[in-house]
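This report refers to the structure that appears directly beneath it.
Start at 1 and go down the list; that is how both ligands and their atoms are numbered.
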Amino acid sequence: MTTVPTEDLQTVTLTVNGSERTVAVPPHRTLLDGLRDEVGLPGTKSCCAEGECGACTVLLDGKAVNSCLVLCVEAEGHEVTTVEGLSDGGLTDLQEEFLNAGAVQCGFCIPGQVVSAEYLLRTNPSPSEPEIREALSGNLCRCAGYQRIVRAVQATAARRNGQ
Ligand code: FES
Ligand code: FES
């Protein structure tokens, strides 16, 4: 890794999973790399780094974004929630339903899928199947577990709606 002179680092303060964090990063450091390397949260996955796969999805001020397309400096003063921040330590109901549906194969895409699905369910508690597929269309799964992922989201919606 190239060493960046200290004078070229920028101090960024942001809230990550409810805690204020301050990091010193080069201006070009992505939020994805900042979360993984500076904040020490490896749950957000790094893959294409081009906004194509969704593995790096986090919530930025409550909205799902590809963290590889956001710079750390752009997150200054904002609130970030990673997959680690969706629960207090255990599995969320959504993560349980991913397991129940057998949707977790290699698992690499799952953190991004879970964050995108959580965003969908917070903004649309009773999504139709097309709406689920549309909401997750930016999250690629190389294991092609799409049908099971959809079932997991449907089961979580039913659970949250008391059905
Ligand atoms: S790593 Fe960000 S979209 Fe693929
Ligand atoms: S479970 Fe393997 S890439 Fe999705």
Exercise. Check the pair Arg160, Glu118 against salt bridge (charged side-chain N to carboxylate O under 4.0 Å, His left out), reporting the backbone distance first and the verdict last.
Key: CA-CA 12 Å; Arg160 292 186 185 180; Glu118 183 61 42; 2.8 Å; yes

Practice problem: Would you mind running through ligand 1 and noting each atom that sits below 4.0 Å from a heavy atom of Cys68? | Solution: 1 (S), 2 (Fe), 3 (S)

Practice problem: Could you tell me whether the side chain of Arg21 and the main chain of Thr13 form a donor-acceptor pair under 3.5 Å? | Solution: no

Quiz item: Would a distance-only check, ignoring hydrogens and angles, find a side-chain to backbone donor-acceptor pair under 3.5 Å from Ser67 to Cys56?
Solution: yes

Quiz item: Can any side-chain N or O of Asp61 pair as donor or acceptor with the backbone N or O of His78 at less than 3.5 Å?
Solution: no

Quiz prompt | Proximity flag Gly107 to ligand 2, non-hydrogen atoms under 4.0 Å | solution = yes

Exercise. Just jot down the ligand 2 atoms closer than 4.0 angstrom to any heavy atom of Gln105, in number order.
Key: 1 (S)

Quiz prompt | atom 2 (Fe) of ligand 2 to nearest N/O/S of Cys143 less than 2.8 Å | solution = yes

Quiz item: Any idea which protein heavy atom is nearest atom 3 (S) of ligand 2, and the distance to it?
Solution: Arg142 N, 3.2 Å

Practice problem: Could you pull out the closest heavy-atom pair between Cys47 and Phe108, with the gap in Å? | Solution: CB-CE2, 3.8 Å

Quiz item: With a 4.0 Å cut-off, would you call Arg29 and Glu38 a salt bridge?
Solution: yes

Practice problem: Answer yes or no for Cys109: is there an N/O/S atom below the 2.8 Å cut-off from atom 2 (Fe) of ligand 2? | Solution: no

Quiz item: Measuring to atom 2 (Fe) of ligand 1, does Cys53 have an N/O/S atom at a distance below 2.8 Å?
Solution: no

Quiz item: Quick one: does Gln10's side chain have a donor or acceptor within less than 3.5 Å of a partner on Ala24's backbone?
Solution: no

Quiz item: Hey, which atoms in ligand 2 end up nearer than 4.0 Å to a heavy atom of Cys141?
Solution: 1 (S), 3 (S), 4 (Fe)

Self-check item: Atoms of ligand 1, numbered as shown, that sit under 4.0 Å from any heavy atom of Cys56
Solution: 1 (S), 2 (Fe), 3 (S)

Practice problem: State whether the side chain of Asn139 and the backbone N or O of Gly54 hold a donor-acceptor pair below 3.5 Å, judged by distance alone. | Solution: yes

Self-check item: Check: Asn161 side chain, Ala157 main-chain N or O, donor-acceptor pair, under 3.5 Å
Solution: yes

Quiz item: For atom 1 (S) of ligand 1, what is the nearest protein heavy atom, given as residue, atom name and distance?
Solution: Ala49 N, 3.2 Å

Self-check item: Check: Thr123 side chain, Leu120 main-chain N or O, donor-acceptor pair, under 3.5 Å
Solution: yes

Quiz prompt | Per-atom contacts, ligand 1 versus Cys48 - under 4.0 Å to a heavy atom | solution = 1 (S), 3 (S), 4 (Fe)

Practice problem: Report, in ascending order of atom number, the atoms of ligand 1 lying under 4.0 Å from any heavy atom of Glu52. | Solution: 3 (S)

Quiz item: Of all the atoms in Cys47, is at least one N, O or S atom closer to atom 2 (Fe) of ligand 1 than 2.8 Å?
Solution: no

Quiz prompt | 2.8 Å cut-off met by an N, O or S atom of Cys106 to atom 4 (Fe) of ligand 2 | solution = no

Self-check item: Atoms of ligand 1 close to Gly51 [distance to a heavy atom under 4.0 angstrom, numbered from 1]
Solution: 3 (S)

